[in-house]
Structure formats: structure tokens, C-alpha cells
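Structure first, then comments.
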Amino acid sequence: MSQESLRQSGIIYGVTIYWLTIAGCVMVLLGSLLALGFGWTVMPVNEQLSVLMQGNALTLSHRIDSGDMLIQLGLGVAIFAIVPAILIGVPRLWRSGFRLIALCGCVNVVLIIGAFVVCYVGL
């Protein structure tokens with residue numbers, strides 16, 4: 001069980017999450033610019049705000065060609081960034097003898113993917 005291998009796994013994990021989170025943030029910013037700045041949205045922003053302020057649920061059609069969808073996609077990428085990071089780090093942890101940590105990582109991946117399936121496919 002090498003501490004160097006554990007350190008390298010942590011670096012790989014962190015760098016993967018870092019860059020995928022940045023990519024997701026750029027997508028959210030671009031989607032916000034398109035939706036708010038250029039009006040490329042399914043429902044005008046002022047109507048969205050009034051619906052929310054009345055306490056009603058905001059239901060938008062999930063069209064690919066809108067800034068709203070780009071915002072949702074960016075949030076999904078930023079949140080889901082942990083999955084590839086874990087999957088990249090798990091083999092090195094397993095080979096280094098940190099099998100319990102690797103196994104916990106695999107369980108986390110299954111739980112995260114399950115949550116995404118329930119949330120997005122269930123819609």
C-alpha cells in the first residue's frame with residue numbers, strides 16, 4: 001500500500017473534477033447568456049419568475065435548442081463530473097491495496113448513476 005499511489009489517485013480525481021466542473025460552468029454561463037441576453041428560451045424569463053413567485057411548479061418543455069436546456073446540461077455535467085473521476089481513480093486504488101476505498105468509490109458511482117436515472121428518466 002503505497003502512499004504515493006494514493007496521492008496520485010487523489011490528484012487524478014481532483015483534476016478530473018476540476019476540469020469537468022469548469023466545462024459545466026461555461027455551459028451554464030453560455031446558456032444563461034443565450035436565455036437572458038438573447039431571449040433564446042422556451043418561456044420568457046419574466047413569466048418564469050411570476051410562475052415561481054405564485055408558488056406554482058415551473059414546467060418547461062425540454063427542447064434542445066434553447067438556452068434553458070444548455071443551463072440544465074451544464075449543471076448535469078458539473079454534478080456528474082464525480083463519476084468519471086472516481087472511475088479513473090478506482091483501478092489505481094485497487095492495485096495499490098486500498099480495496100475498501102475503491103469499493104466505496106464503486107458503490108458511490110452506482111448510487112450517483114441511479115439518482116440521475118431516477119431524476120432524469122423519471123421525468
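Starting from 1, each residue takes its place in the sequence as its number.
Between L70 atom CG and L29 atom CG the span is 10.0 Å, to the nearest 0.5 Å. Atoms SG and CD1, from C106 and I101 in turn, are 12.0 Å apart once rounded to the nearest 0.5 Å. Atoms CD1 and CG, on I82 and N108 in that order, are 7.0 Å from each other to the nearest 0.5 Å. Taken to the nearest 0.5 Å, the CD atom of Q72 stands 11.0 Å off from the CE atom of M27. To the nearest 0.5 Å, atom CD of residue E4 and atom CZ of residue R7 are 4.0 Å apart. Note that CG of L93 and CG of L103 are 11.5 Å apart. Values are rounded to the nearest 0.5 Å.
In the hydrophobic cluster analysis, where Ile, Leu, Val, Met, Phe, Trp and Tyr join through side-chain heavy atoms closer than 4.5 angstrom, V77 is grouped together with L30. Side-chain heavy atoms closer than 4.5 Å link hydrophobic residues (I, L, V, M, F, W, Y) into clusters, and following such links, even through other members, never connects W19 to F80. The hydrophobic clustering, which links ILVMFWY residues whose side-chain heavy atoms are closer than 4.5 Å, places L20 and I17 apart. Put simply, V110 and V107 are part of two different groups of oily side chains (I, L, V, M, F, W, Y) that touch within less than 4.5 Å, one to the next. Hydrophobic cluster membership differs between L111 and I79, with clusters built from Ile, Leu, Val, Met, Phe, Trp and Tyr side chains linked at under 4.5 angstrom.
Y18 meets the side chain to side chain contact (heavy atoms under 4.5 Å, CB included) test with I22; sequence neighbours excluded.
In this structure the side chain of Y13 never reaches within 4.5 angstrom of the side chain of I88, judged on heavy atoms.
Here the shortest heavy-atom pairing between V28 and I71 reads CG2-O, 3.6 Å. For the residue pair G89 and S9, the shortest heavy atom distance occurs at O-OG, 3.8 Å.
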